[in-house]
K.L.:
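A single structure is presented below for examination.
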Amino acid sequence: MEAVLAHLRGAIERGTYAIGDKLPSEAELCRTLEVSRPVLRESLRALQTMGLTVSKTGKGTFVVANTVEDPTFGDYAASDLLEVRRHIEIPVAGYAARRRTPENLDHLAHLLDRMEQETDTTAWVAMDSLFHLAVAEAAQNPVFRRVIEEIRDALARQSAFLNELGGRREQSNREHRAIVEALLDGSEHDAVEAMAHHLDRVETTLTHIVRNPRRTDTPMEGGPEA
């Protein structure tokens, strides 16, 4: 999927597909790129997340931009999402360290164990958003939980994007483990630091994906020429 995405993104950025152009049909792209339809559809979704294309039901996929600026996850731009997460989730981690109950800790530990053993990306992504919701619940403030619920779909979309293109799963598991250990210790300082580090790594990976598309010197067989 990453190779197909890099190929299509490169074609758009080079102008092979110009703004306003309609991309070839899914069937045609699958034939020329020699990939399955699920792989192609994941790539097309990523192009749309990056803001390069829009999909119109019954009409196809159209190019709307030739540079990536601010990916969109559901209803929220990545920059807006990260700004809110820093203002909410970092202090929430501190409150959770002070207020967590044994039940909260058991739930988080169980969830983390499942995430570390999970090999299916879709299942892992679902648990990733649940993890952040569980931290908010441990803060014992229903408003925090409501905020995370509001952005939960966006968190899941962002998580899937970062894992598919940035290989974040193992690193994220380690960062989540550090957060849970800080909560177990009841250390507000360590919990805040662990969550801040986690969000820093999310931003770093996202920035790398946006600014550094992987390209090759030769096009994929059957695809648009460079």
K.L.:
Whether R146 and E150 form a salt bridge (side-chain N of Lys/Arg under 4.0 Å from carboxylate O of Asp/Glu) is what I want to check.
P.N.:
no
K.L.:
Taking K22's backbone N and O only, do any of them form a donor-acceptor pair with K59's side chain (distance below 3.5 Å, no angle check)?
P.N.:
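A pair under 3.5 Å: no.
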K.L.:
Would you say E149 has more than 12 foreign heavy atoms packed within less than 6.0 Å of its CD?
P.N.:
yes
K.L.:
Any chance the side chains of Q171 and R168 put a donor and an acceptor closer than 3.5 Å?
P.N.:
yes
K.L.:
Who pairs with T101 by side-chain contact (heavy atoms from CB on, under 4.5 Å), at least two apart in sequence or on another chain?
P.N.:
E103, N104, Q140
K.L.:
Is the shortest side-chain heavy-atom distance between Y76 and I151 below 4.5 Å?
P.N.:
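Yes; the side chains approach each other to less than 4.5 Å.
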K.L.:
When L8 is tested against each of T16, V63, T53, L29 for side-chain contact (heavy atoms from CB on, under 4.5 Å), which residue passes?
P.N.:
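With L8 as partner, T16, V63, T53, L29 yield a single side-chain contact (heavy atoms from CB on, under 4.5 Å), made by L29.
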K.L.:
For a quick test of your reading: what N or O donor-acceptor pairs under 3.5 Å do the side chains of residues 93-100 make, sequence neighbours left out?
P.N.:
| from | atom 1 | to | atom 2 | distance (Å) |
| --- | --- | --- | --- | --- |
| R99 | NH1 | A139 | O | 3.0 |
| R100 | NE | A97 | O | 3.4 |
| R100 | NE | L183 | O | 2.6 |
| R100 | NH2 | L183 | O | 3.3 |
| R100 | NH2 | L184 | O | 3.1 |

K.L.:
How about T121 and R169: does a side-chain donor come under 3.5 Å of a side-chain acceptor?
P.N.:
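Side-chain D/A pair, T121 to R169: present.
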K.L.:
Can you find a heavy atom in the side chain of L52 that is under 4.5 Å from one in the side chain of V64?
P.N.:
no
K.L.:
Regarding E118 and R114, does a basic nitrogen lie under 4.0 Å from an acidic carboxylate oxygen?
P.N.:
no
K.L.:
Parallel, tilted or perpendicular: which describes the rings of H176 and H132, with under 30° parallel and over 60° perpendicular?
P.N.:
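Because their plane-to-plane angle is over 60°, the rings of H176 and H132 count as perpendicular.
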K.L.:
Step by step, would you call R31 with E28 a salt bridge (Lys or Arg N to Asp or Glu O under 4.0 Å)?
P.N.:
CA-CA 5 Å; R31 284 196 304 271; E28 184 178 349; 5.2 Å; no
K.L.:
Run the salt bridge (charged side-chain N to carboxylate O under 4.0 Å, His left out) test against R85 and tell me which residues pass, sequence neighbours left out.
P.N.:
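For R85, the residues satisfying salt bridge (charged side-chain N to carboxylate O under 4.0 Å, His left out) (neighbours in sequence not counted) are E89.
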K.L.:
In this structure, would V135 and I90 fall into the same cluster of hydrophobic residues linked by side-chain contacts under 4.5 Å?
P.N.:
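Yes, because V135 and I90 connect within a single hydrophobic cluster, where side-chain heavy atoms sit under 4.5 Å apart.
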K.L.:
Using the rule that Ile, Leu, Val, Met, Phe, Trp and Tyr join whenever any side-chain heavy atoms are under 4.5 Å apart, tell me whether F73 and V54 fall into a single cluster.
P.N.:
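No; tracing contacts between hydrophobic side chains, which count when under 4.5 Å, never links both residues.
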K.L.:
Do F131 and L133 belong together in a cluster built from hydrophobic side chains that touch within less than 4.5 Å?
P.N.:
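Linked, F131 and L133 end up in one cluster.
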K.L.:
Atom CG of D70 and atom CG of L81: how far apart are they, to the nearest 0.5 Å?
P.N.:
10.0 Å
K.L.:
Hydrogens and angles aside, do D128 and S159 bring a side-chain donor and acceptor to less than 3.5 Å of each other?
P.N.:
yes
